[in-house]
Amino acid sequence: MAADSCSWFSALAVGVSLLKCFFISAYRSTDFEVHRNWLAITHSLPVSRWYYENTSEWTLDYPPLFAWFEFGLSQVARSFDANMLQVENLNYASPATVLFQRLSVIVTDVVFIYAARECCRCVREPKGSRDILSQPSFVLAVLLLWNFGLLLVDHIHFQYNGFLFGFLLLSVAKHLQSQHLQGALLFAFLLNLKHIYLYVAPAYGVYLLRSYCFTQDNKDGSIRWSSFSLLRLLALGAIVTSVCALSFGPFIAMGQLPQVLSRLFPFKRGLCHAYWAPNIWALYNVLDKTLAVLGVRLKLLEEAELPLASMTGGLVQEFEHSVLPSVTPAVTLVCTLLSILPAAASIWLRPRGARGFLRCLLLCALGSFMFGWHVHEKAILIAILPLSILAVENREDAGIFLILTTTGHYSLFPLLFTPAELPFKVALMLMFSIFSFTALRKLHSAQGFLLHPLEVIYLLGLVAVAIACEVVFPLSPWQQRLPFLPLLVTSVYCAMGVCYAFLRLYASLLLQREDKPKLL
């Protein structure tokens, strides 16, 4: 990124930070109380009690480094309102508490801003371009800093995803800059801040082993086994081991590792997270429900014998399938591994450098999102944000980005269900979508259309879904009888788009022209 670009990047960063301040008093989800409780736990209790405390239902279930992050925030929080740091003060939300927690998200987003700047430095810039919309670095800065999903999830709904995504994007940028040890270190810290990023760990493992520990390829692109560097492998191992020891070491010493792991991986929560995540299990659940209804109407099934939730309450967290086989955590694990195996095998057999790694990372993220156990709808951002980098460089990736970001972002709408937030989420998504379509079309104008006609029709269908779910349904008599219906429709419609984007991204990886072997 050129030096004269610093002015517009700073303007974008300051502008979005001011916009975030506008949402300080907006709707906030139960995640606000989750993090307030974690502030109280880490501040008021000894370390030995952190992963045992259960006064609140929102127990600490992030890795230890994030607990220390909360502890650090709590040292500042006591200057705002010390009462928020009392464990027994459940659902405490004084004005000072709200102000502090909102500002803590905005301030820690500086990590994300810095990471976005580093990513912008990695993209290829066309020579002689003066139009700012023809500069990939500018478009990428807007796509990252002003990402609709991140604004909604962090600064209205409430979480610290920007801070965490900063580590992910900075790690990716370091790999694009061939600073592999720094990239590995940042990712190790990220895993110990939030374990959901295990989704993309296979991409890191395969890429670093194949393209960093093995330093040369044969002329045909195959691996040159004699080029293996034990020193590099030991360096990577030392990084991962040191960070994990720093994070988990105290709890291992106290004999609490099983307790910590039980909090991090609570498999009793059920297959779907409130059935909002638009993945393969949403489609599977709806198919099961459809077969159950048809079975009852055709008198092939007895309604009294069906699980209660499947016929009356929609798709809830604890879901027992009626017709199709019920899905276990082991099944989702196998499906996830099978979904990411071709991507991992591809960058092992045909390494394509850091951008091939990034493509594999995206497929691991989407594969885990599509087939994982109890997937949160917000996890779609793990694919959307890194895909922005490829979207500004490649027309095919730009088309995939537009499909994935539009459907993925709209699938987050149910997170804000109060009427007061409807104008804001619609306006923000429209602005981001219009910019994305306009800027990416201009960037790739010489290479043809970004979307096929059927893809355009599908995306326009989201408008009809939005009107039906957000405007028509609340005024209809179905609201009382079928309160889950808008969520179900949103999940199913968006799941089709996410599945399609996943398959297109896979095709772009497997059908990509093989690069010449490169000596590292």
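Both backbone and side-chain heavy atoms feed into the values below; hydrogens, waters and symmetry mates do not.
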Minimal non-hydrogen separation, Ala115 against Gly166, with atom names
CB-O, 3.2 Å
May I ask you to check whether Phe148 and His409 place their ring centres under 6.0 Å from each other?
yes
Would you check if the side chain of Asp288 reaches a backbone N or O of Tyr284 as a donor-acceptor pair within less than 3.5 Å?
no
May I ask you to decide if Asn161's main-chain N or O and Asp154's side chain share a donor-acceptor pair within less than 3.5 Å?
yes
Let's go through Arg232 and His180 carefully: what are the C-alpha distance in whole Å and the side-chain angles of both, what is the deciding distance for side chain to side chain contact (heavy atoms under 4.5 Å, CB included) to 0.1 Å, and is it a yes or a no?
CA-CA 10 Å; Arg232 290 190 173 194; His180 300 299; 5.9 Å; no
Min side-chain heavy-atom separation Phe228-Cys213 under 4.5 Å
yes
Distance flag, aromatic centroids of Phe66 and Phe69, threshold under 6.0 Å:
yes
Ring centers of Phe100, Phe80 separated by less than 6.0 Å:
yes
Measuring from atom CG of Leu176 to atom CZ of Arg355, what distance do you get when rounded to the nearest 0.5 angstrom?
5.0 Å
So, taking the atom named CG in Leu60 and the one named OH in Tyr52, what distance separates them when rounded to the nearest 0.5 Å?
13.0 Å
Between Lys20 and Leu151, is there a side-chain heavy-atom distance shorter than 4.5 Å?
yes
Closest heavy-atom pair and its distance - Trp373, Thr328:
CZ3-C, 3.5 Å
Once you measure the plane-to-plane angle for Phe502 and Tyr506, does it fall in the parallel (<30°), tilted (30-60°) or perpendicular (>60°) bin?
perpendicular
Tell me whether Glu377 contacts the main-chain N or O of Ser411 through its side chain, where contact means a donor paired with an acceptor under 3.5 Å.
no
Walk me through it: do Phe251 and Phe248 pass the test ring pair (Phe, Tyr, Trp, His ring centres under 6.0 Å)?
CA-CA 5 Å; Phe251 299 94; Phe248 287 90; 7.4 Å; no
With the side chain counted from C-beta on, respond yes when Ser436 and Leu143 share a heavy-atom pair under 4.5 Å apart, and no when they do not.
yes
Please report the shortest heavy-atom distance between Ala245 and Pro250, naming the atom on each side.
O-CD, 4.0 Å
Quick check: does any side chain N or O of Thr405 sit under 3.5 Å from a backbone N or O of Leu402, one acting as donor and the other as acceptor?
no
Pair Tyr500-Thr407, side-chain donor/acceptor within less than 3.5 Å
no
Take Val153 and Leu415 through the test side chain to side chain contact (heavy atoms under 4.5 Å, CB included) and record every step on the way to the result.
CA-CA 8 Å; Val153 170; Leu415 291 175; 4.2 Å; yes
N-O pairing of Arg359 and Asp397 below 4.0 Å:
yes
Does His35 use its side chain to pair, donor to acceptor, with the backbone of Gln101 at less than 3.5 Å?
no
Atom pair CG/CG of Leu509 and Leu362 - distance to nearest 0.5 Å:
10.0 Å
Is there a side-chain contact between Ile24 and Leu103 (heavy atoms, below 4.5 Å)?
yes
Atom pair CD1/SG of Ile389 and Cys119 - distance to nearest 0.5 Å
4.0 Å
Donor-acceptor check, side chain of Thr490 to backbone of Leu487, threshold 3.5 angstrom: yes or no?
no
Centroid-to-centroid, His376 to His374, below 6.0 Å?
yes
I need the minimum non-hydrogen distance between Arg504 and Ile403, along with the two atoms involved.
NH1-CD1, 3.8 Å
Within the 4.5 Å heavy-atom criterion, are Trp68 and Val47 side-chain neighbours or not?
yes
For Phe424, does the CZ atom sit with more than 12 other heavy atoms under 6.0 Å from it, leaving out its own atoms?
no
Which atom of Ser346 lies closest to which atom of Leu510, heavy atoms considered
CB-CD2, 4.2 Å
Checking side chain to side chain contact (heavy atoms under 4.5 Å, CB included) for the pair Ser17/Ile113: CA distance, chi angles, key distance, verdict?
CA-CA 10 Å; Ser17 298; Ile113 293 172; 4.2 Å; yes
Walk me through whether Trp38 and Asp61 qualify under side chain to side chain contact (heavy atoms under 4.5 Å, CB included).
CA-CA 9 Å; Trp38 293 359; Asp61 59 5; 3.1 Å; yes
Does any part of the side chain of Tyr204, heavy atoms only, come nearer than 4.5 Å to the side chain of Ser171, both counted from C-beta?
yes
Do Gln177 and Glu118 have side-chain atoms, one donor and one acceptor, less than 3.5 Å apart?
yes
Closest heavy-atom pair, Leu363 versus Ile340, reported as atoms and distance to 0.1 Å, is O-CG2, 4.0 Å
Is a donor on one side and an acceptor on the other found under 3.5 Å between the side chain of Asp31 and the backbone of Gln159?
no
At what distance, to the nearest 0.5 angstrom, does CG of Leu85 lie from CD of Gln75?
8.5 Å
Main-chain N/O of Thr97 paired to Asp81 side chain as donor or acceptor, under 3.5 Å
no
Just by modelled atom types, is the Pro329 backbone N or O under 3.5 Å from a matching donor or acceptor in the Thr332 side chain?
yes
With a 3.5 Å distance limit and no angle check, can you tell me whether Asn192 reaches the backbone of Ala188 through a side-chain donor-acceptor pair?
yes
Using the rule side chain to side chain contact (heavy atoms under 4.5 Å, CB included), only one of Leu145, Val142, Val14 pairs with Phe9; which is it?
Leu145
For the residue pair Leu190 and Leu164, establish whether any side-chain heavy-atom pair is separated by less than 4.5 Å.
yes
Trp146 and Phe435 aromatic centres sub-6.0 Å:
no
Side chains of Tyr92 and Gln86: closer than 4.5 Å at any heavy-atom pair?
no
Can you confirm if the aromatic rings of Phe167 and Tyr197 lie within a centre distance of less than 6.0 Å?
no
If I take atom CG from residue Leu416 and atom CG from residue Leu152, how far apart are they, to the nearest 0.5 angstrom?
4.0 Å
Between Phe158 and Arg28, is there a cation-pi geometry (under 6.0 Å to ring centre, at most 45° from the normal)?
no
